[in-house]
Amino acid sequence: MEVPIGMDRRLLILVGTLVMVVLAGCTALPGADNGGEVDDGDVATPDADVDASEPAEMPADMPNREIIDGDLREGESKDELQYRNATAGDEINFVPKEMNESTLPDNENERELIIYGRTLMANTSEEMPDHVGNDLSCASCHGGGQSVATVGMVGQDINLIPLVGTSADLPEWTGRRNRMRDTRQRLMGCFQRSMNSPGAEEGAPDYDSREIQAMEAYMMWLSEGVPTKGQPYWSHLNKPEGDEKVPVEEVNPVRGAELYLENCASCHGADGQGEVDDEGNVIYPPLWGPGSFNDGAGMGRMYTSASYIREAMPYGYAHDVTDWEDVHDIAGFMNAHDRPEFPEKSKDFPDGTPDEGIYYNRTQERLGYEMNPMQKKLMLADMPTGTQEIDESDIPDDVGRYDQPLRNETVDPADD
């Protein structure tokens with residue numbers, strides 16, 4: 001069948017018009033530039049009343065990830081600490097695994113990184129002395145390593161704070177710097193704070209360093225099988241809430257000294273400097289002084305350290321000290337002492353430091369103190385805040401006096 005000449009002409013005009021429309025649409029795609037390249041992904045059109053030239057404000061506190069088996073942190077389960085149990089969860093159980101041919105990946109390079117990462121995290125201060133400015137390792141808080149007290153590979157001790165599942169919840173929002181952070185950035189933060197890399201010769205390892213990549217690979221290997229963007233109950237510290245939370249001004253580090261000698265000194269020493277073996281390997285880590293974490297570390301915050309003490313200490317006999325007032329006072333005593341200073345503390349918590357951040361000047365000023373309130377109470381009790389040993393004779397008879405804020409009391413400079 002022949003097509004009339006007039007119809008053929010109309011078809012040509014229609015096709016030409018469609019081609020022009022398509023070409024015009026391509027040149028107007030969001031992200032197209034003089035080179036004709038287009039951004040990958042979707043580009044949303046700003047609302048008319050939004051100034052697109054200004055960055056959008058992010059909330060200081062993003063919603064928490066779902067805590068898998070979170071009911072284990074409520075009611076009687078919470079009070080009785082039932083979640084510190086390898087089979088406690090209904091949705092997902094804690095299953096430590098062995099490192100062997102069946103659990104390691106087939107790729108030789110990836111397998112080598114995982115094995116190397118395990119070595120670094122077990123004995124960090126020994127393996128990376130140029131990047132660690134104290135005597136700690138990842139294993140000091142997460143278990144494993146050289147300590148005779150811990151079991152399994154680093155990060156797999158259910159009686160401490162395991163790392164199993166941690167990387168599955170990353171990247172995450174951190175209010176400490178109001179930004180997202182991935183696994184490597186979180187590791188670098190641990191170096192900068194918990195392992196005091198500012199005091200080391202080369203500081204924290206680089207983001208793309210082989211060491212950071214290896215530790216990331218090991219953490220990802222530990223997290224295999226854990227749902228992403230979900231926080232397992234065993235990796236989540238249960239901080240005090242409501243009536244459980246003792247106001248910072250009422251925490252009594254002098255009473256905490258009594259509890260420390262009774263429950264902690266057998267491992268960490270009457271001087272808080274821990275224990276090493278004949279070869280210099282750290283058996284129990286120092287809790288303050290130059291060999292411990294610096295004052296920007298999470299463990300230097302009152303409620304964080306109190307919750308860790310309640311859930312994981314004394315090691316091997318955990319849950320002997322479960323009263324919230326007791327663990328607050330022990331945490332207050334531990335963090336009343338001198339420790340290395342983190343030089344970038346002023347950049348932390350841009351929306352305001354929390355009350356538990358007793359090493360931060362802004363917190364001290366807001367609470368009406370001219371110094372760390374826990375340290376001030378020890379000094380008012382004529383107790384040392386350095387690495388000197390203490391015994392019962394150093395603790396005043398009237399420990400109840402230090403339940404009070406005592407912010408207006410004057411410390412003799414000679415006592416410093």
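What you see is a predicted model, and the numbers here were worked out from it, not measured in a lab.
Between the side chains of Asp182 and Tyr207, a donor-acceptor pair is found at a separation under 3.5 Å. With hydrogens and angles left out, the side-chain atoms of Asn361 and Thr363 include no donor and acceptor closer than 3.5 Å. A donor-acceptor pair shorter than 3.5 Å cannot be found between the side chains of Asp69 and Tyr83. Side-chain contact of Ser223 with Ser167: a donor-acceptor pair under 3.5 Å is present, judged by distance alone. Between the side chains of Ser305 and Asn335, at least one donor N or O lies within less than 3.5 Å of an accepting N or O.
Note: Asn123 CG to Asn281 CG = 7.5 Å, rounded to the nearest 0.5 Å. Rounding to the nearest 0.5 angstrom, the gap separating the CD atom in Glu341 from the CG atom in Asn196 is 10.5 Å. Atom OG of residue Ser307 and atom CZ of residue Arg301 lie 10.0 Å apart, to the nearest 0.5 angstrom. Put simply, CG on Leu367 and CG on Asp355 are 5.0 Å apart, with the number rounded to the nearest 0.5 Å. The CG atom of Leu160 lies 4.5 Å from the OH atom of Tyr308; values are rounded to the nearest 0.5 Å.
Side-chain atoms of Glu258 never come within 3.5 Å of backbone atoms of Ile395 as a donor-acceptor pair (strictly under, hydrogens ignored). At least one donor-acceptor pair under 3.5 Å links the side chain of His268 to the backbone N or O of Pro285.
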Is there a side chain to side chain donor-acceptor pair (under 3.5 Å) between Tyr369 and Glu249? Walk through the geometry before answering. CA-CA 10 Å; Tyr369 290 89; Glu249 306 96 309; over 6 Å; no
Test log, rule ring pair (Phe, Tyr, Trp, His ring centres under 6.0 Å), inputs Tyr359 and Trp288: CA-CA 13 Å; Tyr359 283 103; Trp288 58 79; over 10 Å; no
CA sep, side-chain torsions, deciding dist, call: Asn134, Ser292, side-chain contact (heavy atoms from CB on, under 4.5 Å): CA-CA 6 Å; Asn134 56 26; Ser292 189; 5.7 Å; no
Go through the steps for Gln375 and Asp338 under the test side chain to side chain donor-acceptor pair (under 3.5 Å), then give the verdict. CA-CA 8 Å; Gln375 191 166 68; Asp338 302 324; 2.8 Å; yes
Apply side-chain contact (heavy atoms from CB on, under 4.5 Å) to Cys141 and Met299, showing your working. CA-CA 10 Å; Cys141 292; Met299 201 62 73; 4.2 Å; yes
Quick one, Lys239 with Glu356, criterion side-chain contact (heavy atoms from CB on, under 4.5 Å). Give me CA distance, side-chain angles, the key distance, then yes/no. CA-CA 11 Å; Lys239 288 192 176 184; Glu356 64 169 333; 2.9 Å; yes
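Judged by a 6.0 Å distance limit and a 45° cone about the ring axis, Arg193 is not positioned over the six-membered ring of Phe293.
Heavy atoms of other residues, nucleotides or ligands lying less than 6.0 angstrom from CG of Asp243 number 12 at most. Annotation for Asp106: atom CG does not count as buried by contact number, only 12 or fewer foreign heavy atoms lying within 6.0 Å.
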